[in-house]
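Along the sequence shown, residues are numbered consecutively beginning with 1. Computation of the quantities below employed the complete heavy-atom set of this structure, encompassing side-chain atoms and omitting hydrogens, waters and symmetry-equivalent molecules.
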Amino acid sequence: FLPAEATSGAMRVVLTAQSALLVGPHQRRVGFERCCRRLRTQYGYLTIDGQNLALSSYGAQDAAITGQIRRLEFTP
């Protein structure tokens with residue numbers, strides 16, 4: 001059984017131990033630096049701040065970011 005949010009196409013953000021982040025669905029990468037990543041979603045922009053951030057996986061629906069994640073900010 002999966003909750004409706006997992007199958008509805010709504011934006012998902014899963015943060016694990018401040019070192020791994022999974023975001024989906026996204027529309028495209030907007031900005032990337034070692035200290036900041038920015039993804040565009042259908043609802044707005046997600047900015048990820050931290051250190052040594054790396055885009056470890058990037059697909060049509062999901063993006064995975066690793067590194068030392070300090071802050072997430074969503075902007076509609």
Side-chain angles (χ1 to χ4, degrees):
F1 171 75
L2 292 173
E5 295 84 8
T7 59
S8 68
M11 188 174 105
R12 305 180 304 290
V13 176
V14 179
L15 178 62
T16 305
Q18 290 185 297
S19 62
L21 177 72
L22 178 66
V23 179
H26 65 85
Q27 293 180 335
R28 66 184 172 115
R29 293 177 288 185
V30 177
F32 20 77
E33 300 173 21
R34 290 184 64 77
C35 65
C36 180
R37 301 280 186 199
R38 191 166 191 208
L39 298 173
R40 181 176 174 208
T41 74
Q42 68 187 47
Y43 303 104
Y45 295 90
L46 180 65
T47 303
I48 303 102
D49 287 326
Q51 291 182 332
N52 300 317
L53 298 178
L55 193 59
S56 59
S57 174
Y58 185 80
Q61 288 295 313
D62 298 321
I65 297 170
T66 57
Q68 191 174 18
I69 299 166
R70 288 190 292 223
R71 183 173 64 99
L72 302 174
E73 180 181 337
F74 179 78
T75 309

Measure from the side-chain N and O atoms of T66 to the backbone N and O of A20, and report whether any donor-acceptor pair falls under 3.5 Å.
-> no

Would you check if C36 and T47 make a side-chain contact, meaning some heavy-atom pair closer than 4.5 Å?
-> yes

Is there any salt bridge (charged side-chain N to carboxylate O under 4.0 Å, His left out) pair reaching into residues 63-72, and which pairs are they, with sequence neighbours excluded?
-> D49-R71, R71-E73

Which distance, rounded to the nearest 0.5 Å, do you find between the CZ of R40 and the OH of Y45?
-> 4.5 Å

How many angstroms lie between CD1 in I48 and CZ in F74, if you round to the nearest 0.5 Å?
-> 11.5 Å

May I ask whether Y58 and L15 are part of the same hydrophobic cluster, defined by side-chain heavy atoms of I, L, V, M, F, W, Y residues being less than 4.5 angstrom apart, directly or through others?
-> yes

Partner residues of V13 under the side chain to side chain contact (heavy atoms under 4.5 Å, CB included) criterion, sequence neighbours left out = M11, L21, L46, L72

Which atom of R37 lies closest to which atom of I65, heavy atoms considered | CB-CD1, 4.0 Å

How far does CD1 of I69 sit from CD of Q51, to the nearest 0.5 angstrom?
-> 12.0 Å

